[in-house]
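Here is the structure we will look at, set down as structure tokens.
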Amino acid sequence: MHRSWPLIGPLQWMRYVNTQVKVKAGKNEEHRGWLLTIDPVSASLVLVNFREEGPAAVRVVMGHAVEEVEVLKEADQETMERLQTPFLPLKTCRLNPEELRSRMGGVRSWLEKNRVPVEVEGDELRVAGVLTITAPYGPENCCSSNQIILDRIQKLIQNEDLHPD
């Protein structure tokens with residue numbers, strides 16, 4: 001159990017990572033979960049609760065509101081593994097080089113068909129000079145600092161996935 005959470009600092013916080021904790025925050029507010037990580041700037045805690053089916057439930061408890069943190073249980077090996085991969089998709093798709101080339105070509109053609117300027121740069125697609133699509137060329141593989149373009153291109157690629165030629 002520890003009081004004055006924001007003041008103890010990152011070295012002490014690390015002792016709590018990968019443990020099941022009870023966090024008291026605010027008036028009569030209590031949260032329980034596995035402590036995945038702590039933001040070193042705000043002292044905010046990221047708690048994960050696993051479900052029987054579906055994705056893990058994630059809650060962020062703001063550091064300034066934390067009054068007390070109590071360790072309930074240490075993680076066993078299975079829980080440690082689950083904590084290391086709570087946000088990965090349940091199934092991952094492995095494509096061989098030929099399938100990747102085909103997928104890249106399909107996405108490129110679809111973008112060009114929708115009048116989006118796209119260029120091939122090595123194994124990446126570069127869209128309008130402001131967005132990059134990496135293998136395996138799905139919506140989640142798009143990267144851009146322009147949120148509007150990112151959103152539009154991701155929707156186009158999702159559409160292509162739903163209606164391939």
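Because the structure is a prediction, the values reported are computed rather than measured.
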Would you check, one step at a time, whether the test salt bridge (Lys or Arg N to Asp or Glu O under 4.0 Å) holds for Lys22 with Glu70? CA-CA 5 Å; Lys22 176 171 67 173; Glu70 179 182 348; 3.5 Å; yes
For this session: Any chance you could lay out the side-chain contact (heavy atoms from CB on, under 4.5 Å) test for Phe50 and Leu83, step after step, and finish with the verdict?
Result: CA-CA 9 Å; Phe50 299 108; Leu83 283 169; 3.8 Å; yes
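Within a 6.0 Å radius of CG in Asp123, no more than 12 heavy atoms belonging to other residues, nucleotides or ligands are found.
At distances below 3.5 Å, not a single donor-acceptor pair connects side-chain atoms of Trp5 with backbone N or O atoms of Val69. With hydrogens and angles disregarded, no donor-acceptor distance shorter than 3.5 Å links the side chain of Ser109 to the backbone of Gly106.
With a 4.5 Å cut-off on side-chain heavy atoms, Leu125 and Thr132 do not count as touching.
Considering CG of Asn18 and CD of Glu74, their distance stands at 9.0 Å, rounded to 0.5 Å. The CG atom of Asn114 lies 5.0 Å from the CG atom of Leu156; values are rounded to the nearest 0.5 Å. A distance of 10.0 Å separates CD1 of Ile133 from CD of Glu124, quoted to the nearest 0.5 Å. With rounding to the nearest 0.5 angstrom, the OG1 atom of Thr79 is 8.5 Å from the CD atom of Gln20.
For Glu112, the salt bridge (charged side-chain N to carboxylate O under 4.0 Å, His left out) criterion is met by Arg108, not counting sequence neighbours. Scored by the side-chain contact (heavy atoms from CB on, under 4.5 Å) test, Asn28 finds no partners at all (sequence neighbours excluded). Residues passing the side-chain contact (heavy atoms from CB on, under 4.5 Å) test with Gln77, sequence neighbours excluded: Glu81. Applying the salt bridge (charged side-chain N to carboxylate O under 4.0 Å, His left out) criterion to Arg101, with sequence neighbours excluded, gives Glu98.
Residue Leu72 is not grouped with residue Val17 when hydrophobic side chains (ILVMFWY) are merged at heavy-atom distances under 4.5 angstrom, including chains of intermediate members.
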Could you pull out all donor-acceptor pairs under 3.5 Å where a side-chain atom in residues 139-152 meets a protein atom, sequence neighbours excluded?
| residue | atom | partner | partner atom | Å |
| --- | --- | --- | --- | --- |
| Asn141 | OD1 | Tyr137 | N | 3.4 |
| Asn141 | OD1 | Gly138 | N | 2.8 |
| Ser144 | OG | Val130 | O | 2.7 |
| Ser144 | OG | Asn146 | N | 3.0 |
| Asn146 | OD1 | Ile148 | N | 3.1 |
| Asn146 | OD1 | Ile149 | N | 3.1 |
| Asp151 | OD2 | Lys155 | NZ | 3.2 |

Residues 32-43 side chain polar contacts: donor-acceptor under 3.5 Å, at least two apart:
| residue | atom | partner | partner atom | Å |
| --- | --- | --- | --- | --- |
| Arg32 | NE | Glu30 | OE2 | 3.4 |
| Arg32 | NH2 | Glu30 | OE2 | 3.4 |
| Asp39 | OD2 | Ser42 | N | 2.8 |
| Asp39 | OD2 | Ser42 | OG | 2.6 |
| Ser42 | OG | Ser44 | N | 3.3 |
| Ser42 | OG | Ser44 | OG | 2.8 |

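Contact record, Pro6 with Trp13: O-CZ2, 3.7 Å, taken as the closest heavy-atom pair. Of all non-hydrogen atoms in Arg82 and Arg51, the two that sit nearest each other are NH2-O, 3.8 Å.
Between Val61 and the options Val66, Val21, Val46, a side-chain contact (heavy atoms from CB on, under 4.5 Å) holds for only Val66.
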